[in-house]
Every structure is written in structure tokens, then in C-alpha cells.
Enquirer: 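What follows is a structure written as C-alpha cells; I'll ask about it next.
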Amino acid sequence: AAGVIQSPRHLIKEKRETATLKCYPIPRHDTVYWYQQGPGQDPQFLISFYEKMQSDKGSIPDRFSAQQFSDYHSELNMSSLELGDSALYFCASSPGGQGWEQYFGPGTRLTVT
Amino acid sequence: KQEVTQIPAALSVPEGENLVLNCSFTDSAIYNLQWFRQDPGKGLTSLLLIQSSQREQTSGRLNASLDKSSGRSTLYIAASQPGDSATYLCAVQGAQKLVFGQGTRLTINP
């Protein structure tokens, strides 16, 4: 069965650089979620999209932006990277909005040096 | 604001024992609760999903229960094996987002 695809799997950037993370949801899933997991921490919700519209927003820094495209894939854009942005970034998808099970991708490990 | 707490933070048991991991949440207005497994530095593997209308779910040696009114869930692992060593996270879904607990780091000793 097709799963959530995230690219790249690993990314190394320097401070003040920009990074773009991509997420390809399971086919026919119209909702995408982004979570950030810092070292030794639990995943924290960043932002979600339903039918290409932002549906919920969590503790996402102003330096980050995201969007969902017409094919339902999503991109998380991160600018002016800081050391504290080093984390695992997970994308999850679901076949609807509220109440549906979320299926997680393998994550992108971002290291900021 | 939903808060999820997992107890204990770490647990070490000998192989073969049955064990229980606990999860509590402050807001009972949830759609579902999920239990995940995470190996060090790896992704999240979904173990069990319990809808708010359900009381338990079973998969192999795993059984999860949900008491929504009291804001509690337990994950029961039978006949533990060294391969079960990992961090176990519970997460509740309110409106859309998942709110995670801090996890229980489980070590099964051969």
C-alpha cells in the first residue's frame, strides 16, 4: 500500500539559510499535517491543510510557511534557519478533516549547523 | 488546552513480563486516541487507533483501552520481547491536530 512520502530524508543547512521540505500524501488523502520533533521531545503540531486551504495552525514560527498544492502535495518552507530548528519534521495525511486517522511519513531530519 | 501525560517516563522489565503503559489527557472532547512506537531517531509507527466511541482495540500482543470520561488510556503489552524496546507515544485528536504525550521509554532485558 502506498504510504506518505517525504523528501528529502536528510538535510543539512547552515544558519540563516532556507530549506524546503516536501510531503506527498497517500493517494486520495486531501488533508496534510506537519509536526516538528526536537531532540528528546514529543512531536509538536505546526500546521495543517484541508483541500488546499490552511485548516489549523499550531506553534509555527513566522519564519516558516507552508502550502498545499492542487495535487495535494505540501511544502514547508523554512527561512533564516536557526540552530534550534534542527529536528525531525513529520508529515501526516488523512482522507478527511476532523476525526480521521493520520498516517505518518518517515520524516525529514533537518540539521542546522 | 489539551495536555497529555504519560506515566512512567521510563520502564525496564525482564523479557516475558506483561506490562502496562499509561496515558492521561485533560480534555475528554476527543475524536480518537492513537498509540505509536518510535525507535531512536526513527519515524512513528502507528500501533493502535481507538475511536472515541470505542473502549478498546487489540492487535497481536497489544491491547489498548480508552476511558474517555476519565481521560485515560492504557497500552497493555503481553509477553514482552527485547524487540519491543522503544519509546511508546500516545496522542489524542481533538479538532484536527494530534497532541502527543512525552512518551514512555521501554527497555526489555533479555
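Order of the sequence lines fixes the chain letters, A, B, ..., with proteins taken first and strands second; residue numbering starts at 1 for each chain.
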Enquirer: How far does OG of S55(A) sit from NZ of K97(B), to the nearest 0.5 angstrom?
Expert: 11.5 Å

Enquirer: Check this for me: K22(A), atom NZ, are more than 12 non-hydrogen atoms of other residues, nucleotides or ligands nearer than 6.0 Å?
Expert: no

Enquirer: For residues F90(A) and K42(B), report the shortest heavy-atom separation together with the two atoms involved.
Expert: CZ-O, 3.9 Å

Enquirer: Heavy atoms under 4.5 Å from chain A: which residues of residues 1-10 of chain B carry them?
Expert: none

Enquirer: Take atom CZ of R55(B) as the centre, draw a 6.0 Å sphere, and report whether it contains more than 12 heavy atoms from other residues, nucleotides or ligands.
Expert: no

Enquirer: In sequence, state the C-alpha distance, the side-chain angles, and the governing distance for Q102(A) and S46(B), and then conclude on side chain to side chain contact (heavy atoms under 4.5 Å, CB included).
Expert: CA-CA 9 Å; Q102(A) 296 181 23; S46(B) 181; over 6 Å; no

Enquirer: Can you get from L47(B) to F104(A) by hopping between Ile, Leu, Val, Met, Phe, Trp and Tyr side chains that sit under 4.5 Å apart?
Expert: no

Enquirer: Which pair of heavy atoms, one from Q96(B) and one from D56(A), lies closest together, and at what distance?
Expert: CB-OD2, 4.3 Å

Enquirer: Can you tell which part of L98(B) gets under 4.5 Å to a heavy atom of chain A, answering side chain, backbone, both or neither?
Expert: both

Enquirer: Using non-hydrogen atoms only, which part of P106(A) is less than 4.5 Å away from chain B: side chain, backbone, both, or neither?
Expert: backbone

Enquirer: Is it the case that the side chain of Q93(B) and the backbone of E101(A) share a donor-acceptor pair, with hydrogens and angles ignored and the cut-off at 3.5 Å?
Expert: no

Enquirer: Which members of residues 13-41 of chain B, sorted by number, sit under 4.5 angstrom from chain A on a heavy-atom basis?
Expert: Y31(B), N32(B), Q34(B), F36(B), Q38(B), G41(B)

Enquirer: Y103(A) versus chain B, heavy atoms under 4.5 Å apart: side chain, backbone, both or neither?
Expert: neither

Enquirer: Does Y88(B) share a hydrophobic cluster with L49(B), counting links as ILVMFWY side-chain heavy atoms below 4.5 Å and allowing steps through other members?
Expert: no

Enquirer: For D62(A), look at atom CG and say whether over 12 heavy atoms of other residues, nucleotides or ligands are found less than 6.0 Å away.
Expert: no

Enquirer: Given the rule that I, L, V, M, F, W and Y join up when any side-chain heavy atoms are under 4.5 Å apart, are L21(A) and V32(A) in one cluster?
Expert: yes

Enquirer: Rest of the hydrophobic cluster containing I5(A) (Ile/Leu/Val/Met/Phe/Trp/Tyr, side-chain heavy atoms under 4.5 Å)?
Expert: Y24(A)

Enquirer: Are there residues of residues 99-110 of chain B that reach to under 4.5 Å of chain A by heavy atoms, and which ones?
Expert: F100(B), G101(B), Q102(B)

Enquirer: Top residue by heavy-atom pair count (under 4.5 Å) with chain B, among S48(A), P43(A), G107(A)?
Expert: P43(A)

Enquirer: Report yes or no: do L62(B) and L66(B) belong to one cluster of Ile/Leu/Val/Met/Phe/Trp/Tyr joined by side chain heavy-atom distances under 4.5 Å?
Expert: yes

Enquirer: Quick check on the hydrophobic clustering: are Y35(A) and I60(A) connected, directly or via other members, by side-chain heavy-atom contacts under 4.5 Å?
Expert: no

Enquirer: Once you round to the nearest 0.5 Å, how far does CG of L44(B) lie from CG of L88(A)?
Expert: 8.5 Å

Enquirer: Please classify the contact of Q44(A) with chain B as side chain, backbone, both or neither, using a heavy-atom distance under 4.5 Å.
Expert: neither

